[in-house]
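Each remark here refers to the structure printed beneath this line.
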Amino acid sequence: MSFVTIDNIFQSYGPRPILERVSTSVDEGEFISIVGASGCGKSTFLRLLLAEEQPTRGEIRIDGNPPAREPGIERGVVFQRYSVFPHMTVMDNVLAAESFGTRFGFLPRKARKGARDRAMATLDRIGLAHAADLYPTALSGGMQQRLAIGQALTATPRILLLDEPFGALDPGTRLQMHDFLMELREETGMTVFMVTHDLDEGFKLGDRVLVFDKPRWDPTDPDIIGATITYDFDARNGGIPFQTIKEETHVLHPA
Amino acid sequence: MRLINQKPGRVLALFLAILPFLAVLLAYKMGSDARLAVNPSDKLLPAISTIVDTAERLFTQPDRRSGRILLWHDTAISLQRLALGTGIAALGGLAFGLAIGLLPHARSTLSGFVSVASMVPPLAILPILFIVFGLGETSKVMLIVIGIMPFLIRDLSQRVLDIPHEQIIKAQTLGASTGVIALRVALPQLMPNLIQSVRLSLGPAWLFLIAAEAIASDLGLGYRIFLVRRYLAMDVILTYVIWITLLAFVIDWALKQTARKAFPWSGEAL
């Protein structure tokens with residue numbers, strides 16, 4: 001049973017089609033990497049998944065629910081930048097995942113203690129417990145993204161959307177973030193969509209890699225054709241699934 | 001070494017900062033001395049010692065007719081008008097700025113109107129204010145409000161629009177309603193900008209205050225200046241001008257410190 005159903009999506013801005021005939025389905029717990037050249041509509045696709053925009057045609061359903069008309073708690077998101085609130089401390093940023101759902105955005109006094117304990121546990125988990133009282137500007141880029149991911153996961157969304165989350169990080173930090181994300185995924189079994197333009201990253205982290213591109217190229221008017229999913233790779237086992245030898249080969253391995 | 005790379009040391013920097021003040025003082029003293037040498041009873045440029053004497057009298061001695069120290073009463077009533085005017089304008093600016101910045105319907109309705117309204121010269125409608133609100137406190141406070149609120153609304157709504165869209169989306173994915181986004185995301189990030197904008201509009205606010213007091217009032221710093229102008233009392237006028245400047249400077253400094261203390265996350269941009 002597919003968890004996220006994307007059914008024949010078209011999206012155009014004015015006369016210019018961006019996406020055409022995008023259909024796929026995703027199982028619960030799958031990690032989907034989305035790659036493609038700049039301007040091929042992968043960010044548009046993410047905005048549609050986020051329900052920030054409505055598709056011109058077609059619909060996206062999560063767990064069979066009616067298509068969303070605006071972003072909500074079903075979806076969690078981490079952008080490349082500006083994903084945490086600069087005017088709140090690290091602790092308050094995590095607490096926001098609980099307090100923003102209330103009527104006025106503040107937790108009632110009774111609930112505050114428990115929420116702080118849970119937030120502290122989250123901060124411990126993402127390695128930011130020592131920075132609980134700092135403001136995000138005092139954090140490094142990697143720490144800010146960890147905070148953003150922790151904040152998004154605290155709200156327990158059905159799907160997590162990542163828009164080039166590690167695009168602004170240096171290579172070493174990026175590798176650490178990969179490990180961090182893999183561990184979190186093991187723990188939560190979250191369904192993740194990640195837009196990236198780093199192919200290695202896409203194949204390393206994803207179970208599937210969706211490639212967005214134009215299926216045809218009109219030489220007289222290249223903009224007349226929108227992009228769609230041109231490849232849907234199975235990226236498990238380093239991109240070569242089903243290649244492992246199943247039977248006993250009785251070859252002696254040196255100890 | 002290029003001029004753009006030559007930096008003054010600490011002592012020199014301090015001296016350079018004081019230099020223009022000294023220059024103005026010196027120029028005034030030379031002009032005053034020259035005029036007083038020709039005519040000892042000259043009123044246009046009184047000696048600095050005369051101004052100091054006058055200032056001492058104004059700050060400490062009660063008025064002979066009313067028995068009150070007028071300068072303090074003038075100051076109190078002027079500051080009250082200024083605080084009311086800028087306070088109301090700030091609240092209005094905040095409310096309308098948030099609405100225009102966050103709500104597309106409010107933006108479509110109001111942003112055009114506010115840009116046109118901000119072009120109306122406030123002093124030109126001062127007579128209307130006097131006719132409508134009478135000569136009392138209301139018209140003076142209203143002049144300040146009308147004078148600076150359009151600027152505050154435009155500035156603050158733009159600041160709301162400058163909040164990265166990602167943050168607004170993120171807040172929605174955490175379940176925030178429009179009200180919560182306004183209260184917990186937009187408003188706190190707007191507060192440092194509010195203080196900054198109020199600091200910028202205090203100059204015009206003083207202008208409108210003094211203009212209103214000069215035309216119709218019986219107490220106030222602006223009223224006093226324009227009253228004693230009839231007697232060519234330059235010593236009183238200069239004392240008041242220096243006093244107003246000092247007040248404006250202290251208010252500006254206090255707002256700056258408040259912003260720095262209250263919003264540590266906003267950085268050194270202020």
Side-chain angles (χ1 to χ4, degrees), chain A residues 46-47 49-53 68-90 92-107 133-139 147-149 151-161 163-165, chain B residues 94-95 97-99 101-107 155-197 255-256 258-270:
Chain A
L46 199 86
R47 281 201 294 277
L49 280 173
L50 192 52
E52 185 187 343
E53 293 174 7
R69 293 178 47 85
E70 58 179 4
I73 50 170
E74 276 194 320
R75 297 142 162 88
V77 67
V78 174
F79 296 101
Q80 186 173 356
R81 293 169 65 200
Y82 308 122
S83 286
V84 292
F85 302 109
H87 59 287
M88 295 182 182
T89 62
V90 168
D92 286 338
N93 261 291
V94 176
L95 282 176
E98 294 198 35
S99 61
F100 274 23
T102 59
R103 188 167 162 71
F104 294 106
F106 293 96
L107 288 171
D133 295 324
L134 297 179
Y135 286 97
T137 41
L139 303 182
L147 175 60
I149 293 172
Q151 179 191 46
L153 288 179
T154 305
T156 56
R158 309 298 304 271
I159 61 172
L160 179 64
L161 304 167
D163 190 0
E164 296 184 23
Chain B
L94 210 52
L98 276 175
L102 285 176
L103 310 173
H105 278 98
R107 185 150 63 240
D155 194 55
L156 292 175
S157 58
Q158 189 53 47
R159 293 289 157 264
V160 177
L161 289 170
D162 286 348
I163 294 174
H165 195 58
E166 286 90 337
Q167 280 185 33
I168 309 289
I169 298 283
K170 179 89 183 200
Q172 294 181 61
T173 64
L174 299 180
S177 61
T178 303
V180 171
I181 291 174
L183 198 63
R184 296 286 323 264
V185 180
L187 182 63
Q189 296 197 60
L190 212 50
M191 290 310 289
N193 292 311
L194 175 72
I195 289 186
Q196 180 78 338
S197 311
L255 284 174
K256 188 173 160 185
T258 311
R260 191 171 287 176
K261 288 265 159 55
F263 313 110
W265 48 269
S266 65
E268 295 301 300
L270 283 163

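Note that these values count all heavy atoms, side chains included, but never hydrogens, waters or copies made by symmetry. Chain letters run A, B, ... following the sequence lines, proteins first, then strands; residues in each count from 1. These numbers were taken from a predicted model, which means no experiment stands behind them.
Residues that satisfy the salt bridge (charged side-chain N to carboxylate O under 4.0 Å, His left out) test with Asp92(A), not counting sequence neighbours, are absent from this structure.
No part of Ala51(A) comes within reach of chain B, as not one of its non-hydrogen atoms sits under 4.5 angstrom from that chain. Interface remark: Tyr135(A) contributes side-chain atoms only to the contact with chain B (heavy atom separation under 4.5 Å). In this structure, chain B has a heavy atom under 4.5 Å from the backbone of Thr102(A), while its side chain stays farther away. Interface remark: Ala148(A) contributes backbone and side-chain atoms alike to the contact with chain B (heavy atom separation under 4.5 Å). Looking at Pro157(A), there are no atoms closer than 4.5 Å to chain B (heavy atoms on both sides), in backbone or side chain. In this structure, no portion of Leu161(A) lies under 4.5 Å from any heavy atom of chain B.
Of the listed residues (Val180(B), Thr173(B), Ile181(B)), the greatest number of heavy-atom pairs within a distance under 4.5 Å of chain A belongs to Thr173(B). Comparing Glu74(A), Glu98(A), Met88(A) by heavy-atom pairs within less than 4.5 Å of chain B, the highest count is held by Met88(A). Heavy-atom pairs under 4.5 Å with chain B peak, among Ala152(A), Gly101(A), Ser99(A), at Gly101(A).
Residue Arg107(B) places its CZ atom among more than 12 non-hydrogen atoms of other residues, nucleotides or ligands, all under 6.0 Å distant. Other residues, nucleotides and ligands contribute at most 12 non-hydrogen atoms within 6.0 Å of the CD1 atom of Ile73(A).
Atom CZ in Arg75(A) sits 11.5 Å away from atom CD1 in Ile169(B) (nearest 0.5 Å).
Minimum interatomic distance between Leu174(B) and Phe85(A) (heavy atoms only, all atoms of both residues): CD1-CE1, 4.1 Å.
Contact annotation for residues 182-190 of chain B against chain A (heavy-atom separation below 4.5 Å, listed by residue number): Leu183(B), Arg184(B), Val185(B), Pro188(B), Gln189(B).
Lys170(B) places none of its side-chain heavy atoms less than 4.5 Å from the side chain of Tyr82(A). Between Met191(B) and His87(A) there is no side-chain heavy-atom pair separated by less than 4.5 Å.
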